[in-house]
Amino acid sequence: MNRFSINSILWFGKDMKEFNGIIPGDDEEYLSCIKPTELGLTNCFNGDTIVSHFSFYSQREYLDRENILERYGKHLHHEWSKIPKMEQIDKTVQAILNDIESKKSEIIQNPVPYKTAPVPTKKQWELKFKQFTRMLKHRKYKPNNTKHIVV
């Protein structure tokens, strides 16, 4: 089986339950190649679906700050109101979301059902370094002195 870019992926709950949803290492390789092979499953492409992906990790902070998702939602509500079938779907989805929001405090009290794998220490430092350098770039940090002390 060959690895391919996930873009969007669907796993049936019964299959994910086989390994308790634990995904070690590279999730793309694991979910598109390694685990299906171990379970004797195949993967396939489905070209008759439309999926919208909001952001990658590195884009998230900027997009949240600019309210892109909220603005996109308002645009879609406006466009869908012109098409009766889409308007009905939109109203149904909004009713579901409102129901979830009304039960938020109850939902938050439930334990999280997902397992997480510990992040290795080296990876934690790499992530912190990336966050720090992004912060410096965002603030357009320019050192006054080109001499640096490396410990």
Side-chain angles (χ1 to χ4, degrees), residues 1 3-141:
M1 183 176 314
R3 175 184 175 159
F4 61 90
S5 179
I6 289 176
N7 297 312
S8 179
I9 189 167
L10 171 110
W11 273 78
F12 292 106
K14 65 180 178 53
D15 296 326
M16 188 67 77
K17 188 176 181 180
E18 291 283 324
F19 56 100
N20 295 319
I22 297 172
I23 303 167
D26 180 351
D27 60 341
E28 191 169 282
E29 180 179 27
Y30 189 77
L31 291 172
S32 71
C33 189
I34 295 171
K35 201 59 184 179
T37 301
E38 288 176 356
L39 295 175
L41 301 172
T42 59
N43 52 36
C44 64
F45 293 93
N46 183 353
D48 66 351
T49 57
I50 297 174
V51 176
S52 178
H53 182 271
F54 178 56
S55 72
F56 292 101
Y57 172 77
S58 60
Q59 303 163 325
R60 188 62 190 249
E61 184 181 342
Y62 173 78
L63 294 175
D64 284 346
R65 195 172 48 246
E66 296 297 318
N67 293 320
I68 300 290
L69 195 56
E70 290 79 9
R71 290 170 32 205
Y72 182 59
K74 286 179 184 177
H75 171 73
L76 289 178
H77 294 309
H78 174 74
E79 291 300 312
W80 290 341
S81 69
K82 301 173 188 175
I83 306 166
K85 186 175 182 178
M86 292 305 296
E87 182 178 35
Q88 183 56 47
I89 292 169
D90 186 37
K91 285 181 179 179
T92 301
V93 169
Q94 293 308 309
I96 292 167
L97 291 174
N98 289 334
D99 184 49
I100 291 169
E101 186 64 31
S102 73
K103 297 174 182 171
K104 185 176 181 177
S105 60
E106 177 186 336
I107 293 169
I108 289 174
Q109 299 302 317
N110 293 326
V112 177
Y114 309 108
K115 301 205 185 275
T116 57
V119 178
T121 304
K122 181 181 177 187
K123 189 69 172 174
Q124 289 174 335
W125 281 107
E126 288 172 356
L127 291 172
K128 287 180 182 186
F129 181 74
K130 284 181 183 179
Q131 290 171 341
F132 178 71
T133 55
R134 271 198 303 272
M135 186 239 351
L136 291 177
K137 285 179 186 176
H138 176 69
R139 294 181 180 176
K140 296 181 174 46
Y141 176 75

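Both backbone and side-chain heavy atoms feed into the values below; hydrogens, waters and symmetry mates do not.
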Chemist: Evaluate the side-chain proximity of Lys14 to Glu18: yes if any heavy-atom separation is below 4.5 Å, no if none is.
Modeler: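 Not touching, per the 4.5 Å side-chain cut-off.
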Chemist: Under 3.5 Å, which donor-acceptor pairs do the side chains of residues 100-107 form with other protein atoms, sequence neighbours left out?
Modeler:
| from | atom 1 | to | atom 2 | distance (Å) |
| --- | --- | --- | --- | --- |
| Ser102 | OG | Asp99 | O | 2.7 |
| Lys103 | NZ | Asp99 | OD1 | 3.4 |
| Lys103 | NZ | Asp99 | OD2 | 3.3 |

Chemist: Got a second to check how far Gln88's CD is from Ile83's CD1, nearest 0.5 Å?
Modeler: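 Output value for this atom pair is 13.5 Å.
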Chemist: Is the number of heavy atoms from other residues, nucleotides or ligands under 6.0 Å of Phe19 CZ greater than 12?
Modeler: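 Correct, the count exceeds 12.
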Chemist: Any salt bridge between Glu61 and Arg65, counting N to O under 4.0 Å?
Modeler: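 So Glu61 pairs with Arg65 through a salt bridge.
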Chemist: At their closest point, which heavy atom of Trp11 faces which heavy atom of Leu39, and how far apart are they?
Modeler: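 In terms of heavy atoms, the two residues are closest at CZ3-CD1, 4.0 Å.
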Chemist: Can you confirm whether Gln59 sits close enough to Phe54 that some side-chain heavy atom of one is under 4.5 Å from a side-chain heavy atom of the other?
Modeler: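 Of all side-chain heavy-atom pairs linking Phe54 with Gln59, none is under 4.5 Å.
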Chemist: From Ile34 CD1 over to Asp27 CG, what is the distance, rounded to the nearest 0.5 angstrom?
Modeler: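 Rounded to the nearest 0.5 Å, the CD1-CG separation comes out at 11.0 Å.
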Chemist: Quick one, Glu79 with Met86, criterion side chain to side chain contact (heavy atoms under 4.5 Å, CB included). Give me CA distance, side-chain angles, the key distance, then yes/no.
Modeler: CA-CA 9 Å; Glu79 291 300 312; Met86 292 305 296; over 6 Å; no
Chemist: Output every pair passing salt bridge (Lys or Arg N to Asp or Glu O under 4.0 Å) with a member in residues 83-94, not counting sequence neighbours, ordered by first then second residue.
Modeler: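 Those involving residues 83-94 are Glu87-Lys91.
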Chemist: How close do Arg71 and Glu66 get, heavy atom to heavy atom, and via which atoms?
Modeler: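 Taking every non-hydrogen atom into account, NH1-O, 3.0 Å.
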Chemist: With side chains defined as the heavy atoms from C-beta onward, is the minimum distance between Leu63 and Leu69 less than 4.5 Å?
Modeler: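 No, every pair of side-chain atoms sits at 4.5 Å or beyond.
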